[in-house]
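Inspection log for the structure reproduced underneath, given as structure tokens.
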Amino acid sequence: MEKIKSFGNKISDSVLWSQLKAGDEESFSMLFERYYGSLVNYGKTLMPSEDIVKDCVQDVFVDIWKYSEKLNAAIVVKAYLFSCVRNRIARFRERDHIFSHVKDVDSFDFMFDFSVEERLIADESMASKVEYLNQCINNLPDRQKEALYLRYHQGLTVEQVAEVLDMNYQSTKNLLHRAISRLRSDFPISLVALLLTNPANF
């Protein structure tokens with residue numbers, strides 16, 4: 001079983017997607033296992049109820065399987081899944097009037113707390129600056145914070161972040177630039193570079 005799972009991890013998203021479109025249930029299961037946890041974690045940044053988020057993620061996969069033959073073959077799977085989950089949660093919020101003032105996904109509050117780990121800083125005198133950096137990141141506008149999360153925590157390209165946020169490429173690039181510039185104005189470039197080159201550590 002472990003060997004099968006290990007082999008599955010080596011199959012690219014595009015191959016699994018192609019096989020899923022052809023009706024291969026095992027490929028569908030592999031994609032589900034590969035991305036379910038990440039999608040739930042992302043969903044929880046947009047919706048406080050984990051149970052509702054899990055339902056939304058599962059609904060996305062149900063639709064993918066149900067309409068597999070009609071799926072676009074030329075997509076980046078990870079970005080597509082994140083976009084689907086984001087839109088599903090938006091529809092849920094609008095349908096059930098959880099937030100009556102919310103009109104679209106642009107109004108999302110982004111509820112992820114970034115945390116650059118202090119153990120990554122060799123110089124102990126930098127600890128207080130790291131703590132302040134965490135605070136500044138988490139005080140960024142929600143849209144900038146979400147873009148940083150997708151770009152550096154989830155490893156999406158700028159084009160893929162644009163797809164998830166339903167923005168054009170240049171607007172997304174500008175959004176990320178504003179967020180990074182704001183951080184760099186208060187911190188040494190080396191410290192911000194640590195954030196951007198070690199996404200798994202925040």
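As the structure is a prediction and not an experimental result, all values here were calculated from the model.
- Expressed to the nearest 0.5 Å, how far CE of M167 lies from CZ of R143 amounts to 5.0 Å.
- For the residue pair N168 and S171, a side-chain donor N or O sits within less than 3.5 Å of a side-chain acceptor on the partner.
- Nearest heavy-atom pair, S27 versus L20, reported as atom, atom and distance to 0.1 Å: CB-N, 4.0 Å.
- R86 and D166 are not joined by a salt bridge, as no carboxylate oxygen comes within less than 4.0 angstrom of a charged side-chain nitrogen.
- R93 places no side-chain N or O within donor-acceptor distance of the main-chain N or O of M47, the cut-off being under 3.5 Å.
- Between W17 and Y80, the ring planes lie perpendicular to each other; the angle is over 60°, past the 30° to 60° tilted range.
- Between Y35 and V57 the shortest side-chain heavy-atom distance does not fall below 4.5 Å.
- Counting heavy atoms from C-beta outward, V60 and C56 have side chains that stay 4.5 Å or more apart.
- No donor-acceptor pair closer than 3.5 Å links the side chain of K21 to the backbone N or O of A73.
- Using modelled atom types, one finds no donor on one side chain facing an acceptor on the other under 3.5 Å when comparing Y42 with Q154.
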Exercise. Run the numbers on Q160 and K78 for side chain to side chain contact (heavy atoms under 4.5 Å, CB included), then give the verdict.
Key: CA-CA 9 Å; Q160 293 161 9; K78 184 174 183 178; 5.8 Å; no
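- The aromatic rings of W65 and F28 are tilted relative to each other, their planes meeting at an angle between 30° and 60°.
- In this structure, S29 contributes its side chain and E25 its backbone to a donor-acceptor pair below 3.5 Å.
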